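Each remark here refers to the structure printed beneath this line.
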Number of protein chains: 2
Amino acid sequence: MKTPATEDDRVWRALSDGRRREMLDRLADTPMTTGAIVEAFAPLCRTGVMKHLEVLVAAELVVVRWQGRVRWNHFNPVPIDRISRRWIDGRRRKMSSALRRLKDVVELSLDPDETVEPIKPVKPERMK
Amino acid sequence: MKTPATEDDRVWRALSDGRRREMLDRLADTPMTTGAIVEAFAPLCRTGVMKHLEVLVAAELVVVRWQGRVRWNHFNPVPIDRISRRWIDGRRRKMSSALRRLKDVVELSLDPDETVEPIKPVKPERMK
DNA sequence: ACAATATGTCACAATATAGTGACATGAAGA
DNA sequence: TCTTCATGTCACTATATTGTGACATATTGT
């Protein structure tokens, strides 16, 4: 990504990592201190956990709250709701027509001139 | 990601890049040849475009169909629908209760012992 | 046969990301 | 005060991702 990174970009990026999705999943059940998260994600080291949390906080998927020396990490569902609306719900129509097109195309693939498997060009091993 | 990468992982990864999301957005309107995509995404070079397409194909978000020497790239909405169901719809309940918890916590933050802003520990500039 | 076209592959550089260990600091408790 | 605890920051390595140019190959049209 060379553009400045929008809010949505940060959310998608944050969600692209399975560990972070798992962290969110746990935090959606209940807020946790950083230490508790570290235990839950062993053998990943504490610094590693904190880096993931940093990404989640930057995306506003996690909200931090302090209680003395303890840091509580809270899941914030708003950003996910936002990208879900913008990207999923806002495209339902497009998607269903795309699906229809795709089905047509795949079914037509018995036509000798057209293939779904790219067995046509160059040496078969190269043009996979 | 050190684990083998599941189907869902590949989808999330693919969606984490804004360019790829934009490609999908266009392909959702209409299938395109690789050349047409390259034109649309100038000044990104052809090899760059193909790498993005490769990621999208690996995630099954794009289905390829050959017609002579021309490669048609079709958007496949199924994987997005899948992660949407598993991750968004399947967590609605969790999310709304998390939101309630979060609101409570944020409102309570007038309590002198508890803060949302991490202004407590260490030197203020360091413990951001 | 030949040239132009559309695509695939390779080798490489630049940058981003994930992860670790060492060290530092404020809070809480004895 | 002194010790432990929870956390933050820095320096560094390893790996992944992104991007480019050069070259190769099949298809199409002349």
Side-chain angles (χ1 to χ4, degrees), chain A residues 1-5 9-10 12-23 32-39 41-59 62 64-73 113-115 117-128, chain B residues 1-5 9-10 12-20 23 32-39 41-59 64-73 113-115 118-128:
Chain A
M1 189 84 18
K2 56 177 53 170
T3 52
D9 279 334
R10 284 192 287 272
W12 284 110
R13 275 277 177 210
L15 290 175
S16 71
D17 185 287
R19 280 234 180 73
R20 288 194 288 263
R21 288 197 302 278
E22 203 185 327
M23 286 182 189
M32 297 170 77
T33 68
T34 305
I37 300 176
V38 171
E39 284 179 37
F41 282 83
L44 179 59
C45 78
R46 191 176 59 86
T47 312
V49 168
M50 290 196 50
K51 284 204 178 176
H52 283 303
L53 287 176
E54 193 180 354
V55 173
L56 293 170
V57 169
V62 164
V64 171
R65 186 147 184 273
W66 282 96
Q67 216 170 348
R69 67 182 165 183
V70 197
R71 164 180 159 157
W72 284 94
N73 301 277
D113 286 353
E114 307 176 358
T115 54
E117 302 293 332
I119 349 171
K120 302 299 263 315
V122 192
K123 293 175 186 168
E125 345 104 55
R126 307 198 62 197
M127 300 281 270
K128 71 149 189 183
Chain B
M1 190 81 19
K2 56 176 55 169
T3 51
D9 280 334
R10 283 191 289 271
W12 283 111
R13 275 276 176 211
L15 290 175
S16 73
D17 185 285
R19 282 235 182 69
R20 288 194 287 263
M23 287 183 189
M32 298 170 78
T33 67
T34 305
I37 301 176
V38 171
E39 284 180 37
F41 283 82
L44 180 61
C45 78
R46 190 175 60 84
T47 312
V49 168
M50 289 195 53
K51 284 203 180 175
H52 283 303
L53 287 175
E54 194 180 355
V55 173
L56 292 170
V57 169
V64 171
R65 187 148 183 271
W66 282 96
Q67 216 169 350
R69 68 180 164 183
V70 199
R71 165 180 159 156
W72 285 95
N73 300 275
D113 287 352
E114 306 178 357
T115 55
I119 347 169
K120 301 302 260 313
V122 192
K123 294 176 187 167
E125 345 102 56
R126 306 198 61 196
M127 296 283 272
K128 73 144 191 184

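Chain letters run A, B, ... following the sequence lines, proteins first and then strands; every chain starts at 1. Because only heavy atoms are used, hydrogens play no part in the values below, and waters and symmetry mates are left out as well, while side chains stay in. Nothing here was measured: the structure is a model prediction, and the numbers come from that model.
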State the CH2-OG1 distance between A:Trp72 and A:Thr34, to the nearest 0.5 angstrom.
10.0 Å
B:Leu53 atom CG is separated from C:dA6 atom P, nearest whole Å, by 16 Å
Give a yes/no answer on whether the side chain of A:His52 brings an N or O atom under 4.0 Å of OP1 or OP2 in C:dT17.
no
To the nearest Å, how far apart are A:Glu39 CD and D:dC5 C1'?
13 Å
Rounded to whole Å, please give me the gap between CD in B:Gln67 and C1' in C:dT5.
16 Å
In whole Å, what is the span from the CZ atom of B:Arg13 to the P atom of C:dA16?
15 Å
Would you please name every residue forming a side-chain hydrogen bond (donor to acceptor under 3.5 Å, both in side chains) with A:Arg20, sequence neighbours left out?
A:His52
Atom CZ of B:Phe41 and atom C1' of D:dT18 are separated, to the nearest Å, by 15 Å
To the nearest 0.5 Å, what is the distance between CG on A:Asn73 and CE on A:Met50?
9.0 Å
For a quick test of reading the model: is some side-chain N or O of A:Arg19 closer than 4.0 Å to OP1 or OP2 of C:dA18?
no
Looking at A:Arg21 and B:Asp9, is there a salt bridge between them, counting it only when a charged N and a carboxylate O are closer than 4.0 Å?
yes
Rounded distance (Å) that lies between atom P of D:dT17 and atom CG of B:Leu56
14 Å
Out of C:dT7, D:dT7, C:dA18, which nucleotide sits closest to the side chain of B:Thr33?
C:dT7
If you check the A:Lys51 side chain, which of D:dA11, D:dG8, D:dT17 turns out closest?
D:dA11
If you round to the nearest 0.5 Å, how far is CG of B:Leu15 from CH2 of B:Trp12?
7.5 Å
Just the rounded figure in Å: distance from C1' of D:dA16 to CG of B:Asp9.
14 Å
Give, for atom CZ of B:Arg10 and atom OG of A:Ser16, the distance between the pair rounded to the nearest 0.5 Å.
14.5 Å
Student check: side-chain heavy atoms of B:Ile37 and B:Met32 closer than 4.5 Å:
yes
Would you mind pulling out the nucleotide paired to D:dT30, Watson-Crick or G-U wobble, both distances under 3.5 Å?
C:dA1
B:Arg69 vs D:dT25: side-chain N/O to OP1/OP2 distance below 4.0 Å:
no
Measure the distance from CH2 on B:Trp66 to P on C:dA6 and round it to the nearest whole Å.
12 Å
Residues in contact with DNA chain D, drawn from residues 42-50 of chain A - heavy-atom cutoff 4.0 Å:
A:Arg46, A:Thr47, A:Met50
